[in-house]
Protein chains: 2
Amino acid sequence: MSTATAESRPYHHGDLSRALVDAARKILETDGPAALSLRAVAREAGVSPAAPYHHFKDKAELLEAVAHEGWHELDLALSTARASTQDSRARMTNLGVAYVCFARDNPALYRVMYDRSRDKDALPDQLKDDGAYCQVRNTIDENAGGGVSEIDLELATIAAWCAGHGLAEMIGFKQFAPLKAQLGGEEAFLRAVFEHLGMFAKFTATQD
Amino acid sequence: MSTATAESRPYHHGDLSRALVDAARKILETDGPAALSLRAVAREAGVSPAAPYHHFKDKAELLEAVAHEGWHELDLALSTARASTQDSRARMTNLGVAYVCFARDNPALYRVMYDRSRDKDALPDQLKDDGAYCQVRNTIDENAGGGVSEIDLELATIAAWCAGHGLAEMIGFKQFAPLKAQLGGEEAFLRAVFEHLGMFAKFTATQD
DNA sequence: GCGCTATCTAAGCATCGTCCAGATTGGCTC
DNA sequence: GAGCCAATCTGGACGATGCTTAGATAGCGC
């Protein structure tokens, strides 16, 4: 038959790549990373288990596409945070808080993003050029007034990024619950930790 | 037959739990986390695929045992690092370097350790009482001369731990290679990042 | 309107985690 | 020392997974 039945999709989907990525993200949000099988994605998209292989080489390549979207959305979140204040010290803390909040609000997506990175032993390349990593570096540079050596700037960015990632992975840990309550909520806890990090102390300590 | 053939083990292994954990660790080191199936572990231990279920409830419980050993060994590594110098500032950096080096030298084991933690949304409990986390907290307390509030001490420990974990997960990333070369090796790179973190700046900045 | 080719399905393979029924045997009781 | 219980281990099975292959379908350029 040339057209689909009332229930089923037409034989050719139209935009399966897009639909598969959307299905994957829906499963991630709903059931978490453990439930994210290629077959489940195909099921969610209403398509046979083999169909995805015409759009992605394997499961890893699908996850790569999902991760790519995640990094893009993280970019946006950091851009917003960076523009949120004029105070150079607060801006840096806001950036950190925004980073961790993104991970907290999209835990499964964030996990996929970093799992892919670890498999490749590398962060996505676009981060360095105009992405989230670049935003952190620029913010540090602005805070320091521009007179920082390239190597110091890079080290400070790495330090900040690692701290943010570590906190992002652990923000939900049960052991932190009492401290969060004591400090008046999760965001207050986050700010306190970031301020304790004293990162960029090298550049901003004299302004204290 | 009552005894085993020349090739095979006796019907009852004797200490299968131990052998299974060892087999799992061997597979982790040799082939990485992706190759770590329960069946492969059983194969490595020379036992049927169902045998492990008489010693561990499921695969997760086996991994839990592996992770437990990993945390214990991390404790030892940090103890050694902590005793390596009298200088309070250097001691803290040494602790961080030792942490990351452990992760670098046991990447698959470290991954299992944290994967288990994320599944439970908690670090292992013994860390708080007399384990690695406790060592970091004590070292910070010593550095600060003891006059730190409980809450500040906790925040600083969390900050340090998160930074260490973040760096541990990314130390192998390709993007850092040029910087490592420029600084004269991986350990020099590590020290530089940790010093840039300026963590505990709150407690030690005045000693600069 | 024809055919090329991208897209999709159906069926199958090896592997996985887990369970069950039954074989084996170490160690306690008498 | 004999006998039995319970812990341990095997073989086989089930459903699910990632991926491949052969063949069905249909959009699109000519």
Side-chain angles (χ1 to χ4, degrees), chain A residues 1-24 26-28 30-67 108 112 115-116 119, chain B residues 1-24 26-28 30-67 108 112 115-116 119:
Chain A
M1 58 190 74
S2 65
T3 57
T5 65
E7 287 289 357
S8 65
R9 307 252 148 227
Y11 194 92
H12 283 111
H13 182 284
D15 195 359
L16 227 205
S17 309
R18 178 73 259 148
L20 289 170
V21 173
D22 289 341
K26 179 172 178 190
I27 291 172
L28 272 180
T30 309
D31 305 312
L36 188 68
S37 70
L38 240 193
R39 297 175 100 106
V41 172
R43 226 149 32 216
E44 174 73 31
V47 108
S48 87
Y53 288 91
H54 294 273
H55 300 269
F56 300 98
K57 180 168 121 295
D58 52 17
K59 185 183 180 181
E61 203 172 276
L62 207 207
L63 294 186
E64 188 69 47
V66 172
V112 168
D115 281 350
R116 295 306 306 150
D119 286 351
Chain B
M1 57 192 74
S2 65
T3 56
T5 64
E7 288 289 359
S8 65
R9 305 253 149 225
Y11 193 91
H12 284 111
H13 183 284
D15 196 359
L16 227 204
S17 309
R18 178 74 261 147
L20 288 170
V21 173
D22 288 342
K26 180 174 178 187
I27 291 171
L28 272 180
T30 309
D31 304 313
L36 188 68
S37 70
L38 238 195
R39 296 175 101 105
V41 171
R43 225 150 33 217
E44 174 73 30
V47 109
S48 88
Y53 287 89
H54 294 274
H55 300 269
F56 301 98
K57 181 168 118 296
D58 53 18
K59 185 184 180 181
E61 203 171 278
L62 207 207
L63 294 185
E64 188 70 45
V66 172
V112 167
D115 281 350
R116 296 306 307 149
D119 286 350

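A quick note: this is a predicted structure, and the numbers were derived from the prediction, not measured. Sequence lines set the chain letters: A, B, ... in the order given, protein chains first and strands last, and positions in each chain run from 1.
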Atom-pair distance (CG on B:Leu62; C1' on C:dG17), nearest Å: 12 Å
Residue pair A:Leu20 / A:Ala45: nearest heavy atoms and the distance that separates them: CD2-CB, 4.0 Å
Atom-pair distance (CZ on A:Phe56; P on C:dT7), nearest Å: 12 Å
From CA spacing to verdict: side-chain contact (heavy atoms from CB on, under 4.5 Å), B:Leu63, B:Asp115: CA-CA 9 Å; B:Leu63 294 185; B:Asp115 281 350; over 6 Å; no
Rounded distance (Å) that lies between atom P of D:dT21 and atom NE2 of A:His54: 12 Å
Base versus backbone protein contacts along nucleotides 14-19 of chain D [heavy-atom cut-off under 4.0 Å; B, S, -]: ---BBB
4.5 Å side-chain heavy-atom contact, A:Phe56 and A:Leu38: no
Partner residues of A:Glu44 under the salt bridge (charged side-chain N to carboxylate O under 4.0 Å, His left out) criterion, sequence neighbours left out: A:Lys26
Any residue meeting salt bridge (charged side-chain N to carboxylate O under 4.0 Å, His left out) with B:Arg43, in chain and number order, not counting sequence neighbours: none
Verdict with reasoning, B:Val41 to B:Val47, per side-chain contact (heavy atoms from CB on, under 4.5 Å): CA-CA 9 Å; B:Val41 171; B:Val47 109; over 6 Å; no
Rounded distance in Å - CG (B:Leu63) to C1' (C:dG17): 12 Å
